[in-house]
Amino acid sequence: MVRVRFAPSPTGYFHVGSARTALFNWLFARHYHGTFILRIEDTDRERSTDESIDQIIESMTWLGLDWDERYRQTDLTPDHLQAAEQLMENGQAYELDGAWWFKVPADGETVVHDSVMGDVTFRHEEFKDFVIRRSDETFVYNFVVVVDDSNMKVTHVIRGDDHLINTPKQVLLYQALERPLPQFAHLPLILGEDRARLSKRHGASSVLEYRQMGFVPEGLINFLARLGWSHGDDELFDRDELIRLFTLEEINRSAAVFNHEKLYWTNQQHMKRLDLEGLAGLVRPFAVAEQSATAEQWDAIDRDRLHLGVDLLRDRSKTLVDLAKVLEILFAATLEPEEPIVLEDRQRVLVAAVADALAEANACEFTPDAVHDIVQSVLAANDAKLKEIAKAVRLCITGRKVGPGLFEIMSAAGQDLSVGRLRALVR
RNA sequence: GUCCCCAUCAUCUAGCGGCCUAGGAUACCGGGUUUUCAUCCCGGCGGCAGGGGUUCAAAUCCCCUUGGGGACGCCA
C-alpha cells in the first residue's frame, strides 16, 4: 500500500515549487490508490505561523490536492522523545552542551538509492555528528522527519532535490532506529528565468498570486506537472489523465526554468476546454472584482447569453482576468469606445436601419443566426456590404477595435443593449 | 572552498546504441481561414556545451574539462 506525504513548513507564503512537490506526491498517491498525507512541519517555533498554515490549506484546496490524513508535527513530540531516548540508551546519541547529538559512524559510506537520481554515495567522513534535540528540548528536522515518516509508515519520500544531501543522515537514523527505509525520490528544483532557484525576486511565486492573476487550477497543475515530468510529446493533460499516466520513471533529473509564456498558453488551453457552466463560475468573482458586472447582474443574466459570451470571449483570453474584463460587453449600459467612432452619412443611415430592424426582432429569438439574417437583409436592401459598417458597429457594441463576430457578440449582449448602443451612436 | 546533482533549440521536453540529415510544445517570423482580432490550420527559424575514449555504429555508455544548480545551522 502506497503512503506518501507532503511536508511543508509554514514559515512563509506557499510557493509554486512547493505546489509542484505536493502535486507529484498527490499524483503518485492517487495513481496507486494510496494515501496522501499532509504533514505541517512546524517545529521551527520562531518562524512558523498560523497564517502560513492557512495559506497552505487554501492553496492546496484551490488546486484540488486533497489529503487523506493531516498532522501537525509539533503534536508528535512524544514520539520524537521516545525515539531520541532510544538512541541515547543505545549509545548512538550523546549529550553535549545541553543538546543531544547523533553519532555518525567515522568510517564507511552510505548509498542512497533514489528513484530519480539513481545511486548516490556519501562518505561518512564528510559529515560530522549532528544535533537531534536542541538545548531547548525541541527536535531538529533531520530527526523528526525520520521518526514521523517511519511512524506514519510512509513508503515513498518524494521531495525537492535540496534534501538529497540530508538523505544519508536520515538513512543512518533509520538504521540506528532499526526502522525500514522508505523509497526516496528527489525532484529537480524549479528555477527562475535567471536560472537561480525560484523565489520572490522572480515576481509572482506564490500559488495564491497565480490564482489572483486568473489562472485556473487545471492550467497551473498541467503546467507544473510538465516541469520535470513528461509523457512523450503530450502537452495537455486534465487531472484524471495526469493521475492515470503519472509515474516516477518519467521524472527528469535536471532543473527546469519556470516559463511564464507557456503557463499562459497552457492556461488558455484549459480555459478553452472547460465546460461553459464551470468556466462561468470561475470567472464570476473576477468579473465582479473588475466591475464588469455586479453580483446581482451576473446572477440575473440569461444563462444562454452568458454562456455564449464566455464561449466567444475565451478564445481571446489567457486568464480569467482577461475574460472578466471583456465580459463587460454583456452588462455595461454604456461602453467607452477605445477610439472615436466616425460615421459618414451613409454609414449612419445603415446603422440606424440595422438598429430599427433589430429592435423589431422577437426578443426570445435574438440568436446569432437571427441577428445575422436581420442585419444581412437590411444591408441587402440598401445594397451595402457588412464591411462598410463592421468597424463602427464593433466599436459601438464592444467598445473595442477587435473581437468576436458581430452577430454572435450582439446576440450575447442581448437585444436591449445592442439596440440601445447602436441608437445612442446614431442619435 | 568542500560535498552532491544536472547538462538536447531562448524556454519546457521526446530520445533510454542503429528507427535521428534529432521529434513535439511555448515564444518568434511568414502564409491560409475570418466582417476585425483571437482561436484554428500550414510553413519557417532554432539544439545534442567542448574534448577524449568504448563500439561495426553514440544525443544515447565511460572519463576529463567547462557551465549551471543545490547543500554545507541547536532552519526546514
Query - Separation of atom CZ in A:Phe139 from atom P in B:A76, rounded to whole Å - result: 12 Å
Query - Atom-to-atom span, CG of A:Asn142 to C1' of B:C74 - whole angstrom - result: 12 Å
Query - Nearest-Å distance once atom P is located in both B:C19 and B:G1 - result: 41 Å
**Report entry** Sidechain-backbone polar pair: A:Ser135 side chain, A:Ala99 backbone, donor-acceptor under 3.5 Å
**Finding:** no
Query - Watson-Crick or G-U counterpart of B:U36, or none if no pair lies under 3.5 Å - result: none
Query - Exam field: side chain A:Ser411 to backbone A:Phe366, donor-acceptor pair closer than 3.5 Å - result: yes
Query raised in the report: Looking at A:Asp373, A:Ile389, A:Val354, which hits side-chain contact (heavy atoms from CB on, under 4.5 Å) with A:Val378?
Result: A:Val354
Report task. Take atom P in B:U8 and the same atom in B:A59, then report the distance between them in whole Å. Result -> 15 Å
Requested in this report: Using the C1' atom on both, measure B:A57 against B:U39 and round to a whole Å.
Outcome: 46 Å
Query raised in the report: To the nearest Å, how far apart are A:Tyr141 OH and B:A76 P?
Result: 9 Å
Requested in this report: Provide the distance between the two P atoms, one in B:A22 and one in B:C48, to the nearest whole Å.
Outcome: 11 Å
**Report entry** Given A:Val131, A:Val145, A:Thr43, the one that forms side-chain contact (heavy atoms from CB on, under 4.5 Å) with A:Val140
**Finding:** A:Val131
Report task. Check A:Asn25, A:Asp149, A:Thr155 against A:Arg5 for a side chain to side chain donor-acceptor pair (under 3.5 Å) and give me the one that passes. Result -> A:Asp149
Query raised in the report: Within 45 degrees of the axis of the six-membered ring of A:Phe130 and under 6.0 Å from its centre: does A:Lys169 put its NZ or CZ there?
Result: yes
Query raised in the report: Looking at A:Arg20 and A:Asp161, does any basic side-chain N land under 4.0 Å from a carboxylate oxygen?
Result: no
Query raised in the report: In terms of side-chain geometry, is the basic nitrogen of A:Arg346 or A:Glu344 positioned less than 4.0 Å from the acidic oxygen of its partner?
Result: no
Query raised in the report: Given that both distances must come in under 3.5 Å, which nucleotide forms a Watson-Crick or G-U wobble pair with B:U2?
Result: B:A71
Query raised in the report: Once each nucleotide of nucleotides 31-49 of chain B is scored for protein heavy atoms under 4.0 Å, what B/S/- sequence comes out, 5' to 3'?
Result: ----BBBBSS---------
Query raised in the report: Can a donor-acceptor pair under 3.5 Å be found between the side-chain atoms of A:Arg253 and the base atoms of B:C6?
Result: no
Report task. For A:Ile53 and B:A76, give me the distance from atom CD1 to atom P, rounded to whole Å. Result -> 14 Å
Requested in this report: Spell out, as yes or no, whether a donor-acceptor pair under 3.5 Å connects the side chain of A:His31 to the backbone of A:Arg244.
Outcome: yes
Query - Gap in Å between the two C1' atoms, one belonging to B:C29 and one to B:A10, rounded - result: 15 Å
Query - Any residue of residues 147-175 of chain A with a heavy atom less than 4.0 Å from an atom of RNA chain B - result: A:Asp162, A:His163, A:Leu164, A:Ile165, A:Asn166
Requested in this report: Write down the distance separating the P atoms in B:C63 and B:U54, rounded off to the nearest Å.
Outcome: 15 Å
Report task. Could you work out the separation of B:A25 and B:C41 based on their P atoms and round it to a whole Å? Result -> 9 Å
Report task. Would you indicate, yes or no, if B:A76 has its OP1 or OP2 atom less than 4.0 angstrom from a side-chain nitrogen or oxygen of A:Thr43? Result -> yes
**Report entry** Check: A:Asp356 and A:Arg423 side chains under 4.5 Å, non-hydrogen atoms
**Finding:** yes
Query raised in the report: Within this structure, what is the CD-to-P distance between A:Glu193 and B:U26, rounded to whole angstrom?
Result: 17 Å
Query raised in the report: So, are A:Lys325 and A:Asp322 salt-bridged, with charged N and O less than 4.0 Å apart?
Result: no
Query raised in the report: Taking the C1' atom of each, how far is B:A14 from B:G50, in whole Å?
Result: 24 Å
Query raised in the report: Does B:A57 have a Watson-Crick or wobble mate here (both distances under 3.5 Å), and if so which one?
Result: none
**Report entry** Salt-bridge criterion met for A:Arg3 and A:Glu69 (N-O under 4.0 Å)
**Finding:** yes
Query raised in the report: Rounded to whole angstrom units, what separation is found between the CZ atom of A:Arg45 and the P atom of B:C75?
Result: 13 Å
Query raised in the report: B:A76 P sits how many Å from A:Arg133 CZ, rounded?
Result: 15 Å
Query - Distance in angstrom units between A:Phe127 CZ and B:C74 P, rounded - result: 15 Å
Report summary line: B:A7 -> Watson-Crick or G-U wobble partner, both distances under 3.5 Å, gives B:U66
Report task. Look at the aromatic rings of A:His231 and A:Trp229 and report parallel, tilted or perpendicular, splitting at 30° and 60°. Result -> parallel
Requested in this report: Can you check each nucleotide of nucleotides 12-21 of chain B against protein heavy atoms at under 4.0 Å and return B for base, S for sugar-phosphate only, - for none, in 5' to 3' order?
Outcome: BSS-------
Query raised in the report: Looking for any heavy atom pair under 4.0 Å, which part of the strands does A:Arg47 touch: base, sugar-phosphate only, or nothing?
Result: base
